[in-house]
2 protein chains.
Amino acid sequence: MISQKMKKLVAGSSAIRAMFEEGKRMIAQRGEENVFDFSLGNPSILPPEDVKEAMKEVIETEDPMLIHSYMNNAGYEDVRKTIADTINQKNSSSFTEKNIIMTVGAAGGLNVALKAITDPGDEIVVIAPYFGEYKNYISNVDGVQVTVSPDTENFSVNFEELREKISPKTKALILNSPNNPTGALYSEEDIKKTADILLEKEKEYGISIYLITDEPYREIVFNGNKAVFVPKFYHNTIIGYSYAKSLSLPGERIGYLVIPSEIDDFEEVLGAMTVANRILGFVNAPSFMQRVIMRVADKTADLSVYERNEAKLYKALTEYGYEIVEPKGTFYMFPKCPIEDDKKFCEDAKEFGLVVVPGSTFGCPGYFRIAFCVSEEKVERSLPAFKKAIEKYR
Amino acid sequence: MISQKMKKLVAGSSAIRAMFEEGKRMIAQRGEENVFDFSLGNPSILPPEDVKEAMKEVIETEDPMLIHSYMNNAGYEDVRKTIADTINQKNSSSFTEKNIIMTVGAAGGLNVALKAITDPGDEIVVIAPYFGEYKNYISNVDGVQVTVSPDTENFSVNFEELREKISPKTKALILNSPNNPTGALYSEEDIKKTADILLEKEKEYGISIYLITDEPYREIVFNGNKAVFVPKFYHNTIIGYSYAKSLSLPGERIGYLVIPSEIDDFEEVLGAMTVANRILGFVNAPSFMQRVIMRVADKTADLSVYERNEAKLYKALTEYGYEIVEPKGTFYMFPKCPIEDDKKFCEDAKEFGLVVVPGSTFGCPGYFRIAFCVSEEKVERSLPAFKKAIEKYR
């Protein structure tokens, strides 16, 4: 007796979970040491000690009534002020607490943003390959997903197609950089080109197009790279962020939206998103964890393992013959499958103990995703399996 | 550029918030001691000391990787097991961890439940007066709200009308006992009558009708009363719960759904609700607070102040001439306005420093809600204001 709509969502959205369950089964059968589960984006490193200290400090020093109470649906004012200051320091921006809404993770934030701006039938543009949940979030608000096909050269944006796919019904474009599943990091030039197209189309159709940048991997960048601060290049940018990966707190569901004052109809959008936070049932981001975040807003966990894993995997896999656009950030790699059928490849790879996710899950068949948020030791031990997985087809 | 749908939701859903903001303005103008803000259901008592102890214990004794990590979207298994045991002990039920989904508060739980079962156009029945957010939650899933008009005799269920309003398109009935805004507590007889009607209609139309019981006030009951354990009387019951009021943790967004194995299509419904938790952007209930709840699942804050406030207010207000169905639980009272126009009454009452919410907000014009989750001392000081507010019309 579940809804027809839900039936489709359940069927279509369980691919990665199924891989993960399969991984657990394989471990039970073959032993932990023979299975290399690269299916889930679950951080493998500890939160920094600062988080523990901050938790204790909040418990011991703050008003026990305040730390568990309702507050403005946008979050505690002092927490939002601290986060605004932290962003300003890094980007020479001038946000205040008014520009920040605390959210139940980035997932909560994206749902809030889409709820505020989307009427049934409105179009939301995504760039393939994309995080599979976008499909569900867009469906939650009866929006229509419009997909720009992959730029498999360097997993940037297929700009010509982006221009074609924007219509008078476009409400937003979702950008995810550093990118899940490819690890691509959009350059300043990429962002400028994107902004130019959006501005051109805003003018042509007389509409506002919001650029929603989903940035949970912002701090996980390699070789001194830096994620572009998008609001500098486009007036209608809304940032979604989560502390899940940078502080290794995925279970806490804590993140925020940045709504710059420069966006069209700022007050109305801000009000709508604040109300959406309540209406969707989030009400507010978890209160205690907000107080904790205020104390560690400028900290990260030791993210260096991801960079080392990336280097090891990239070097070995390219040597074995895999074609890969080298990731510049995140803990994902998105190699081309040695055979056309990505589902078959992922199925075949299990023979060697590898659990990886087909590219079709991300709107990009023919590729597969490795989530290398695992120990370095596991990465090293997995290399022979990757070698065998490609040699199988020689 | 917000959506048309959101414009309506924003306009229609800000009444209580507006009262609260007005209350703050009044305090600024007239001084704290001259304003009696009874507008918001924000618990006024401290969480029990056990919560603080549990928080420290989790920090000091549990694996720092585990307590902040992703887990099954339904929540940690041991947390769910503990909660199932606690419910079983009180109600001689036999739930296991499989019957519990941890949710982002009761608001999160209701949204998850509705998402799983509702197709656009499906009907969700609510009993007036009702918590205003139900309207929004039903709208989130494009459901159609069907409202049973108030039984103003004793704020139970208007049974004849309930029978008439159930159609082949009915997916669920939402019951809220103890009730916001009336404080009514449905008796075993009420629940049996409701169950009989639902069973009759399930048979007549050959459908499943879920009875969603929203129970955040379950522990706040007066004079030794007890909230009825609904699954005992109806096979298709789903319970939504939150620790917001019982443990005074409203900001933490932690609660659960109980999905008894007896419901129609149990496995499918359970699966859909677990996926809905993810798809809606909650992903999982906050992880650290789940670990804390496991240690205090059978505790409550000292809720006795609400009973004392109720007694004081009821005695005084009835003496002054207000007509009131005496609350049996919650921290709400829902007197009849001395004049027909409830909005005018609430506006007039501000003259005496009273901030109360019009019954129309809850689908029951002609009444007003007092949220007496304030100190006893404030209740006492407010009494002359209530006296003046009714004498104004003599």
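A, B, ... follow the sequence lines: proteins, then strands. Residue 1 opens every chain. In this text the structure is predicted, and so the values were computed from the model without any measurement.
- Rounding to the nearest 0.5 Å places CG of Leu114(A) at 10.5 Å from OG of Ser3(B).
- Ranked by heavy-atom pairs shorter than 4.5 Å toward chain A, the options Ala244(B), Ala106(B), Ala116(B) are led by Ala116(B).
- Of the listed residues Ser44(A), Gly105(A), Gly109(A), Pro43(A), the one with more heavy-atom pairs under 4.5 angstrom with chain B than any other is Ser44(A).
- When heavy atoms are compared at a cutoff of 4.5 Å, Thr103(B) does not approach chain A at all.
- Using a 4.5 Å cut-off on side-chain heavy atoms (C-beta onward), Ile59(B) and Lys52(A) make contact.
- Of the two parts of Asn42(B), the backbone and the side chain both hold a non-hydrogen atom closer than 4.5 Å to a non-hydrogen atom of chain A.
- With chain A as the partner, the residue from Leu110(B), Ile45(B), Val112(B) showing the most heavy-atom pairs under 4.5 Å is Ile45(B).
- The NE2 atom of His68(A) lies 6.0 Å from the CG atom of Leu249(B); values are rounded to the nearest 0.5 Å.
- Among the residues in residues 138-145 of chain B, those with a non-hydrogen atom closer than 4.5 angstrom to a non-hydrogen atom of chain A are Asn140(B), Asp142(B).
- With a threshold of 4.5 angstrom between heavy atoms, Thr118(B) approaches chain A through N, CA, C or O but not through any side-chain atom.
- Of all heavy-atom pairs spanning Ser69(B) and Pro250(A), the tightest one is CA-CG, 4.0 Å.
- Looking only at side-chain heavy atoms (C-beta outward), Glu268(B) and Lys7(A) come within less than 4.5 Å of each other.
- Taken from CD1 in Ile2(A) to CG in Asp264(B), the straight-line distance is 13.0 Å, to the nearest 0.5 Å.
- Listed options Ser248(A), Ala272(A), Ala276(A) were ranked by heavy-atom pairs under 4.5 angstrom with chain B; first place goes to Ala272(A).
- Counting heavy-atom pairs closer than 4.5 Å to chain B, the top residue among Glu252(A), Met273(A), Met65(A), Met55(A) is Glu252(A).
- Each of Lys5(B), Lys56(B), Glu60(B), Lys115(B) has some count of heavy-atom pairs under 4.5 Å with chain A, and the biggest count is that of Lys115(B).
- Inspection of non-hydrogen atoms places Leu280(A), Gly281(A), Phe282(A), Val283(A), Asn284(A), Ala285(A), Pro286(A), Ser287(A), Phe288(A), Met289(A) of residues 280-289 of chain A under 4.5 Å from chain B.
- Around atom NZ of Lys299(B), more than 12 heavy atoms belonging to other residues, nucleotides or ligands sit under 6.0 Å away.
- The residue among Asp63(B), Val104(B), Leu46(B) with the most heavy atom pairs within less than 4.5 Å of chain A is Leu46(B).
- In terms of modelled atom types and a separation under 3.5 Å, the side chain of Asn136(B) and the main chain of Ile279(A) share no donor-acceptor contact.
- Residue with the most contacts toward chain A among Met6(B), Gln4(B), Lys171(B): Met6(B) (heavy-atom pairs, distance under 4.5 Å).
- Contacts of Gln290(B) with chain A are absent, with no heavy-atom separation under 4.5 Å from either backbone or side chain.
- Contacts of Pro47(A) with chain B are made by side-chain atoms alone, with heavy-atom separations under 4.5 Å and no backbone atom involved.
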